[in-house]
Amino acid sequence: MTFRPPRIEQYGLLSDMQTAALVCDDGGLNWLPTPRFDSPSAFSALLGNDSHGTWRIAPNPDIAGNVTAQRRYHGESLVLQSEWHTTSGSVRVTDLMPPCDRVGAPQVIRIVDGVSGEVPMISTLRPRLDYGRVSPWIHQQDGRTVAAAGPDALWCDLPVQHTREDGGIVSRFTVAAGERATFALTYASSHAAPPEVPDPEAAFAKTLSFWQGWAAEGTYAVCQQHREAVIRSVLTCKALIYKASGAIVAAPTTSLPEEPGGTRNWDYRYAWLRDSSTTLAALLGTGHWREAKDWRRWLLLTVAGDPENLQIMYGITGERDLPERELPWLPGYENSAPVRVGNGAADQLQLDVYGEVIETLYLAHEAGLAPCSDTANLHRRLVEQLADRWQEPDEGIWEIRGPRRHFVHSKVMAWVAVDRTIRLAEAGALDADLPALKELREEIHRDVCEKGFDKERNTFTQSYGSPELDASLLVIPRVGFLPPHDPRVVGTVEAVRRELATADGFVRRYLTAGDRTGVDGLAGDEGTFVLCSFWLVDALALIGRLDEAHELFDRLLEVRNDLGLLAEEYDPVAGRQLGNYPQAFSHMGLIQSALLLKRLAAEPAVADAPVTATVLAVA
């Protein structure tokens, strides 16, 4: 069967909080790194075609005739159910990854249930290890099918007869109403003992219970109007947390393009301090505080010994070296090459991360997380580093690959770091030199207002002395740098909306240079940025345009796919999602906007306070 790349939004997410799988609405499992989020993938058709690895279970197209499909998650969980209706009957395929108590042994369970009539089915299991480069040795061992190569093995427990075809394992079978066929795939080291044969029914019950139980721990009354969207986003954020360490990956994929056919293709399967901390802020806002405790421990293990050499991102167990390389044997999603693994931005200087990390520590304190002397010591050392470095140019929030600049957003977040430190010290939660910190806070504030503001256009700019705008300026009122009613804030919101937003309110990060190399050091274009569009929702709400904010928020909810998932970017012309998927940033933005809109409707006065600290703290 010829592989035709589905749109990104046609994929659903499975996760066991060790790794993640993407399952297309045609029944194809086309992405599965094993055994971790950042491991080489055993199925990589997402970035190529079927020959790079896929596992498709669906009605047999040669027999089933006309097929219609629908899918959903089973309640508030990551148990994915796809249902096909054919001329001869209906069938349901339930896909799940059970949370694993043993690190390094992820499983995929696929349960096929006959719903009505009889449906001819086909399972085509074609593993290709090491990102589609290696065809494994497929053999039988103790009645089980094993696909192994080098250090990796996939144990396949198949309920029906199968044949070897074109380097894959093909099963053709018929399922009638009331009948069930269960398939399981388990990863193990090729040199280890065989994993236990899975119990699919028990795995289903365990997985459903875990996700629904975790979701029930949250507090969603503050965003009841958008409960379904918020809970789906909360579940997605949870799915991106590496259970063994508490680290949060920005997305479970690599190299899904920001422009189809373009070169803006990056690996997001790492723990950015910025993405992690803002995602935790959203989780804290919905009552999930245990994740903040786990992440704080990961932060200490990763950073505390050497905060003077703070990186913007790390591996999910604290790795510092994330060398970026290209995989030339993969053509890329819709021929978007190169496919990259690793991320060279790990070596960049991004001063805003100090603000996001310290803001999260502040929110955790507000949420009642027990004080930690080691964290307090790390906090003080980070502020000391920031005091020494805040006047330097950096690569900024968008990780430009051009010359460093004095980005306004970076300076604003440096101000946030100092401001939240002062608040903690004033609350008696942190020992600090308050007079010196207050003087530093004022110095940063004055510097930004003098050098980062264009008086003629009445707007802050992307960087000092630059005419360009940047959507990250929309956070200025959210973090309390200036009050929302300040004319400079209103002017900035209006300028960003005028110059970076589409007529429907979808916001670009900044203006790219097309075929030329622009401020980010890259040629090519990209879609509108989902998080920036949620930032516009927040900014409009804060400056008093609540009706417009609600309209834009509802429009953004329509961008989600049928499962409630969001990628990094959106192309409003083609009406499709772009970039790595699903993206923690996008779902974090949804959660925070929902929380803000609800709180502003109930308590308009909170608009004059730092939004992340006042509005998003746990009630």
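Starting from 1, each residue takes its place in the sequence as its number.
- At a cut-off of 3.5 Å, with distance as the only test, a side-chain donor of Asn580 or Thr253 sits close to an acceptor on the other residue.
- For an aromatic pair to be called close, the ring centres must be under 6.0 Å apart, and Tyr570 with Phe506 satisfies this.
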>> Applying ring-ring contact (aromatic ring centres under 6.0 Å, His included) to Phe529 and Trp398, what does each step give before you reach the verdict?
In response: CA-CA 11 Å; Phe529 209 78; Trp398 307 129; 5.1 Å; yes

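- In this view, Tyr464 and Asp447 satisfy the side chain to side chain donor-acceptor pair (under 3.5 Å) rule, not counting sequence neighbours.
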>> Please evaluate residues Arg401 and Glu324 with respect to the criterion salt bridge (Lys or Arg N to Asp or Glu O under 4.0 Å), reporting the C-alpha separation (whole Å), side-chain torsions for both, the decisive distance (0.1 Å), and the verdict.
In response: CA-CA 13 Å; Arg401 301 206 172 194; Glu324 184 173 297; 3.1 Å; yes

> How far apart are the C-alpha atoms of Arg389 and Glu392, what are their side-chain angles, what is the distance that settles it, and do they pass the salt bridge (Lys or Arg N to Asp or Glu O under 4.0 Å) test?
Replying inline: CA-CA 6 Å; Arg389 305 200 68 176; Glu392 296 180 25; 3.1 Å; yes

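- Applying the side chain to side chain donor-acceptor pair (under 3.5 Å) test to Gln311 and every residue at least two apart in sequence or in another chain returns nothing.
- Glu217 has its side chain within reach of His288: a pair of non-hydrogen atoms, C-beta onward, lies under 4.5 Å apart.
- Taking the six-membered ring for Trp and thresholds of 30 and 60 degrees, Trp214 and Trp211 have ring planes more than 60 degrees apart, a perpendicular arrangement.
- A search for side chain to side chain donor-acceptor pair (under 3.5 Å) contacts involving Gln10 returns Asp25, not counting sequence neighbours.
- Tyr362 and His365 have tilted rings, their planes meeting at an angle from 30° to 60° on a 0 to 90° scale.
- Residues passing the salt bridge (Lys or Arg N to Asp or Glu O under 4.0 Å) test with Glu334 are Arg576, sequence neighbours excluded.
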> Leu511 and Glu468: side chain to side chain contact (heavy atoms under 4.5 Å, CB included), yes or no, with the steps?
Replying inline: CA-CA 8 Å; Leu511 293 179; Glu468 288 101 348; over 6 Å; no

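- Side-chain contact of Asp538 with Ser593: a donor-acceptor pair under 3.5 Å is present, judged by distance alone.
- Between the side chains of Ser233 and His587, at least one donor N or O lies within less than 3.5 Å of an accepting N or O.
- Side-chain polar atoms of Glu9 and Tyr581 form no donor-acceptor pair below 3.5 angstrom.
- The pair Asp525-Arg508 meets the salt-bridge criterion, with a side-chain N (NZ, NE, NH1 or NH2) lying under 4.0 Å from an Asp/Glu carboxylate O.
- Using a 4.0 Å cut-off between charged side-chain N and carboxylate O, Glu359 and Arg420 make a salt bridge.
- Heavy atoms from other residues, nucleotides or ligands lying under 6.0 Å from CD of Glu439 number 12 at most.
- Enclosure of atom CZ in Arg380 by more than 12 non-hydrogen atoms of other residues, nucleotides or ligands within 6.0 angstrom is indicated.
- For Glu76, there are no side chain to side chain donor-acceptor pair (under 3.5 Å) partners at least two apart in sequence or on another chain.
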>> Checking Asp294 against Arg290 for the salt bridge (Lys or Arg N to Asp or Glu O under 4.0 Å) test, could you report, in this order, the C-alpha distance in whole Å, the side-chain angles of both residues, the deciding distance, and whether it holds?
In response: CA-CA 6 Å; Asp294 292 341; Arg290 291 185 180 87; over 6 Å; no

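- The salt bridge (charged side-chain N to carboxylate O under 4.0 Å, His left out) analysis of residues 545-554, with sequence neighbours excluded, yields the pairs Glu494-Arg545, Arg497-Glu548.
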